[in-house]
Amino acid sequence: MVRLAEILERTESLIERLHNTKRNNRIILNPDYLDDEKLPEEERTSVLREIFNRNIREKQLTRLAQHLTPILDGCHPPSLMIFGPTGSGKTATLLHFLSIFQKVSAKRGKLLRYAYIDLSSPKTYFSALNELARSMDDSLRRYRKGIPVSLMQDRIVNCLLDFKGFFCLLIDEADNIKPNADEFLTFLGKTLPRKVNCRIVLIMLTNRLDWEKTMDPRILSFLKKSDLIFEPYDAADLLEILKLRVEKALDTDKVDQGALNKIAAYASHETGDARRAVELLVKAVKVAEETSGRLTEIEVDKASMTLEIDKTEELIKTLASQQRLTLISCYKALGSNPKKKLSTGQVYQSYASLCESDGVRPLTQRRLSDMISFLDLYGLINARVISHGRYGKTREISGALPFELINRLLELKEHPS
DNA sequence: CATCCACAGGAAAACGCGGTTG
DNA sequence: CAACCGCGTTTTCCTGTGGATG
């Protein structure tokens, strides 16, 4: 009985202790600011405003303004096509700009409306129209089918019929209309302007530079568009963005400047994607909360490692079974020696025996060879072609994954769920 | 220099497999 | 229901090749 009480006591103090350290290590004060989706609308725009107050994206804003200011004089600017990789702030910048621009033009007595449609999940011609109609009039329903396309078009026309100002239409991921993107653009660029009284300015966002090459040249010609390019953020921009987040969401006393620099450097080195940078920040903060209670470069390193591992593990999970088999046989043949080099033939032998024990019909060596180059492309192994002269020409295959992951991979194979 | 290894990687035929047509 | 088609995957067959070696 006495012992039981002791145990209870001990557990109690354990809980207390954990709770205390957790509180002391707390860095996140306001988690909402780390996730744009959770932020209420007004907060989101105010965050955006601050970003733009820090002179990020100034160049793009200037060019945007140059392009659209003719509206203030009542002239009709051409459509705009905006290119830029993911996470370079296209959407945020445009939404911010248009909301401000609307106010400015209202002051000058010019009517300006704008609508935003997001095609980030692929849409058909019809559902794109539907989306558009909804963005202009909330009362409209989202249809799945059963409504003729022309009716949808009429609805859109009706929304704009008695509007005489400028109408900006912002189309996000505009290249994402599946079967017949051309019709959609023809409607917007040709049919619609004829039927309504307002002037329409199309603004299309895409991350595919080659998009216009896949488009019908006739459409290109009547769109009369001009281009604007968003370069990915550089390290300095990312740093500003991160700083802002940190000020809003974290306990600044516990954050090292060096850590932020490091995150910015990582992210700009990779893609310059701001979302990625914030993602890394969040991960690093979590690591810090669990361990030292301070965000320093060490935590950032740890976080980027785990992030990397998570990503590749995810990738491995989604591989087709033959691809996974190939991967496993590579690492089986490699053993625990990281510097060992394999030839295609060796991997094939390992693969063939693996197939036998699994009762799977093995693929040809030709096919395996393709699998290997595929895995190399994904960075799961390193494979390059090398000639050993008289002793043949083959791929030299070596590992590219951290130990931890390899072990888990092999275990996964031993005990399949 | 010619040879020749052990594959790379292109081309085309064969195979599935869901969907469509007569 | 068989025959046929379209399309992606796999097999078969093939020619090509960098450089150590003789």
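All chains are named by letter (A, B, ...) in the order of the sequence lines, taking the proteins before the strands, and each is independently numbered beginning at 1. Keep in mind that the numbers below use all heavy atoms, side chains included, and drop hydrogens, waters and symmetry copies.
Ion pairing between A/K243 and A/E247 fails under the 4.0 Å rule for side-chain N and carboxylate O. Between A/D310 and A/K283 there is a salt bridge, since a side-chain N of the basic residue sits under 4.0 Å from a carboxylate O of the acidic one.
The interatomic distance linking A/H388 (NE2) with C/dG19 (C1') rounds to 11 Å, in whole Å. Taking atom NZ of residue A/K393 and atom P of nucleotide C/dT17, one finds them 8 Å apart after rounding to whole Å. What separates CZ of A/R395 from C1' of C/dG18 is a distance of 15 Å, to the nearest Å. The nearest whole Å value for the distance from the CG atom in A/D370 to the P atom in C/dT10 is 10 Å. In this structure, CD of A/Q322 is placed 7 Å from P of C/dT10, rounded to the nearest angstrom.
Neither side chain, A/T326 nor A/Q323, offers a donor N or O lying under 3.5 Å from an acceptor on the other.
Dense packing is recorded around NZ of A/K311, with more than 12 heavy atoms of other residues, nucleotides or ligands lying under 6.0 Å away.
Ring geometry, A/F374 versus A/Y378: the interplanar angle falls from 30° to 60°, so the pair is classed tilted.
The footprint of chain A on DNA chain B, defined by a heavy-atom cutoff below 4.0 Å, extends from B/dC4 to B/dG10.
For A/R390 and C/dG19, the shortest distance from a side-chain N or O to OP1 or OP2 is not below 4.0 Å. Distances shown here put a side-chain N or O of A/T364 below 4.0 Å from the OP1 or OP2 atom of C/dT11.
Counting non-hydrogen atoms under 4.0 angstrom, A/R361 reaches the backbone sugars and phosphates but no base. Contact annotation for A/S373: no contact, since no heavy-atom pair falls under 4.0 Å across all strands.
Closest heavy-atom contact between A/R324 and A/L319: NH1-O, 3.9 Å.
Distance alone, capped at 3.5 Å, is enough to place a donor-acceptor pair between the A/T394 side chain and the A/T344 backbone.
Place A/G345 and A/R366 on DNA chain B by their nearest nucleotides, and A/G345 ends up nearer the 5' end. Taking the nucleotide of DNA chain B with the nearest heavy atom to each of A/G389 and A/V385, the more 5' of the two is matched to A/G389.
For A/Y391, whose side chain is taken as the heavy atoms from C-beta onward, the closest listed nucleotide among C/dT10, C/dG16, C/dA20 is C/dA20.
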